[in-house]
Amino acid sequence: MSSSIPAAISCGGWIRRYRHVPSPRLRLVCCAHAGGSAGTFRAWPGLLPQDVELLAVQYPGRQDRFGEPCVDSMQPMAAGIAAALTPFLDRPVAFFGHSLGAAVAYEVALRLERAHGTPPAHLFVSGRSAPSRPRPSRNLHRLDDDGLLEELSALGGMDGQVLADPGLRAVVMPALRADVRIAETYRAEPGLRTGAPVTAYHGDRDASVEAADVQAWSEHTASDFASRTFAGDHFYLQERAPELVADLAARLDGVGRPGRPA
C-alpha cells in the first residue's frame, strides 16, 4: 500500500474509514464486489471533497475479519451492515456498490429507509443488472476452485498472484465462494422502490451486464434516475476511479449544504 494512503480505521466489525472527517457534510458508504473488501476503496477518500467521509464496508471472512465465518446470503449481510451504520446517520448518507456490492447497497438502503423513514441522499450502483431483471442461475458457487476462478477471471479484476499461489487461493476462496453464492441466489422483494435518486454505472465492455439491464435500475427508485457508461470491462472502476469519483462528487455537491435538501 502506498505510504500516502493511511491504514484503515475500524469503526466496529462492518465499517472501515481511511480518513476521519470531524464534521462531514455527508457520508458515502461503499460496498465492494464479490471477493472484494474495504480495501477496494482505500484510495477514494483522496479523490473526494474534504467534507465527505467515506465509510467502506468490510464483509466477514477477509482481511482483518478473516477469522469470522463468511456470510453467504443477503438477509444477514444487509441486516448487519444496516445495524452497523446506525451511529453514522447524524449526517446524510449516500451509497455506492459495485457488482455484488450494488445489490448489497440497495438492500441496506431499503432497510435504513424503512427503519428511519428517510431515504438515503443517493444510491449509486455499478456493474450489475437491476434486481427486477431475470438473472440466469449458473451456480458458479458450486464449481470447484479451478472452475470458479476460471469463470471469474474472464471478467477481469482477479489478482494473478492469487491464481498462481495455492496458499493464497486457500485463503481467499471461502469468502469469494460465499460472495458469489449471495450474488447468484439473491432475489429482491418485488415492487419495492427506494426514495433515493439512483445513478447506474457500467463499463462499455462489461460482458456480465447488458445496457438495458443497467437502465432497468430506473424501476427501483421513486425519485430521479441517471446512468453513465465508462470505457472498460467489468472492473472499469480500477482505471477510471478519478473520473467515477468526480462524477459521484458532482451529483452529491448540494447534499448537506446549508439551505440545500439533505
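We use all heavy atoms of the structure for the numbers below, so side chains are in, but hydrogens, waters and symmetry mates are not.
- Asp224 and Arg251 are not joined by a salt bridge, as no carboxylate oxygen comes within less than 4.0 angstrom of a charged side-chain nitrogen.
- Between the side chain of Thr221 and the backbone N or O of Ala196 there is at least one donor-acceptor pair closer than 3.5 Å.
- His98 and Phe235 have their aromatic ring centers within a separation under 6.0 angstrom.
- A 4.5 Å side-chain heavy-atom check between Tyr59 and Ser37 finds every atom pair outside the cut-off.
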Task: Verdict with supporting geometry, Glu107 and Tyr186, side chain to side chain contact (heavy atoms under 4.5 Å, CB included) - done: CA-CA 10 Å; Glu107 286 293 326; Tyr186 165 64; 2.6 Å; yes

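- Side-chain contact between Val29 and Val93 is present, with heavy atoms from C-beta onward closer than 4.5 Å.
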Open item on the list: Show, in sequence, the C-alpha distance, side-chain angles and deciding distance for Val104 and Met74, and conclude whether the side chain to side chain contact (heavy atoms under 4.5 Å, CB included) test is met.
Closed with: CA-CA 7 Å; Val104 172; Met74 181 63 79; 4.0 Å; yes

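- Residues Ala82 and Leu112 come closest through the heavy atom pair O-CD2, 3.6 Å.
- A side-chain contact (heavy atoms from CB on, under 4.5 Å) with Leu47 is found for one member of Leu244, Val245, Val52 and no other, namely Val245.
- For His234 and Tyr236, the distance between ring centers is not under 6.0 angstrom.
- The shortest distance between side-chain heavy atoms of Val125 and Tyr201 does not fall below 4.5 Å.
- Pairing each heavy atom of Pro87 with each of Ala84, the nearest pair is CD-O, 3.2 Å.
- Under a 4.0 Å N-O distance rule, the pair Arg133/Asp213 qualifies as a salt bridge.
- A 4.5 Å side-chain heavy-atom check between Leu55 and Phe95 finds every atom pair outside the cut-off.
- Taking both residues in full, the closest heavy atoms of Arg128 and Ala103 are given as NE-CB, 3.6 Å, listed atom of the first, atom of the second, then distance.
- Note that the CD atom of Glu113 and the CZ atom of Arg193 stand 12.5 Å from one another [nearest 0.5 Å].
- A salt bridge between Asp51 and Arg91 is absent, with no side-chain N of the basic residue lying under 4.0 Å from a carboxylate O of the acidic one.
- Within a 6.0 Å sphere centred on CD of Glu239, heavy atoms belonging to other residues, nucleotides or ligands number 12 at most.
- Nearest heavy atom pair, residue Cys30 against residue Leu54, reads SG-CD1, 3.7 Å.
- The neighbour count for Glu210 CD, taken as heavy atoms of other residues, nucleotides or ligands under 6.0 Å away, does not exceed 12.
- A distance of 8.5 Å separates CG of Leu237 from OG1 of Thr40, quoted to the nearest 0.5 Å.
- With rounding to the nearest 0.5 angstrom, the CZ atom of Arg27 is 10.5 Å from the CD1 atom of Ile15.
- Arg42 places no side-chain N or O within donor-acceptor distance of the main-chain N or O of Ala38, the cut-off being under 3.5 Å.
- Residues Gln75 and Ile182 are not in side-chain contact: their nearest non-hydrogen atoms beyond the backbone lie 4.5 Å or more apart.
- At a threshold of 4.5 Å between non-hydrogen side-chain atoms, the residues Phe230 and Asp204 do not count as touching.
- With salt bridges taken as basic N to acidic carboxylate O contacts below 4.0 Å, none links Glu53 and Arg19.
- Here SG of Cys31 is found 14.5 Å from OH of Tyr106. Values are rounded to the nearest 0.5 Å.
- Closest approach of Glu184 and Arg187 over heavy atoms only: O-NH1, 3.1 Å.
- Residue Leu48 holds its CG atom at 8.5 Å from CG of Leu252, rounded to the nearest 0.5 Å.
- Note that CG of Leu85 and NE2 of His116 are 9.0 Å apart. Values are rounded to the nearest 0.5 Å.
- Put simply, the side chain of Arg181 never gets that close to the backbone of Ala178: no donor and acceptor are under 3.5 Å apart.
- No donor-acceptor distance shorter than 3.5 angstrom exists from the side chain of Arg25 to the backbone of Gly256, with no hydrogens or angles considered.
- Residues Arg228 and Thr199 have side chains not in contact (no heavy-atom distance under 4.5 Å, counting atoms from C-beta outward).
- In the hydrophobic clustering of ILVMFWY residues, with side-chain heavy atoms under 4.5 Å counting as a link, Val57 and Val21 come out apart.
- Using a 4.5 Å heavy-atom cutoff, the side chains of His220 and Ser132 are in contact.
- Summarising the geometry of Gly61 relative to Cys70, their closest heavy-atom pair is CA-SG, 3.9 Å, with the distance given to 0.1 Å.
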- [ ] Please test Val209 against Val214 for side chain to side chain contact (heavy atoms under 4.5 Å, CB included), starting from the C-alpha separation and ending with a verdict.
- [x] CA-CA 7 Å; Val209 293; Val214 175; 4.0 Å; yes

- [ ] Evaluate side chain to side chain contact (heavy atoms under 4.5 Å, CB included) for Arg65 paired with Trp14, printing each intermediate quantity in order.
- [x] CA-CA 9 Å; Arg65 301 189 73 185; Trp14 291 94; 3.4 Å; yes

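- For Trp44 and Tyr18, the distance between ring centers is not under 6.0 angstrom.
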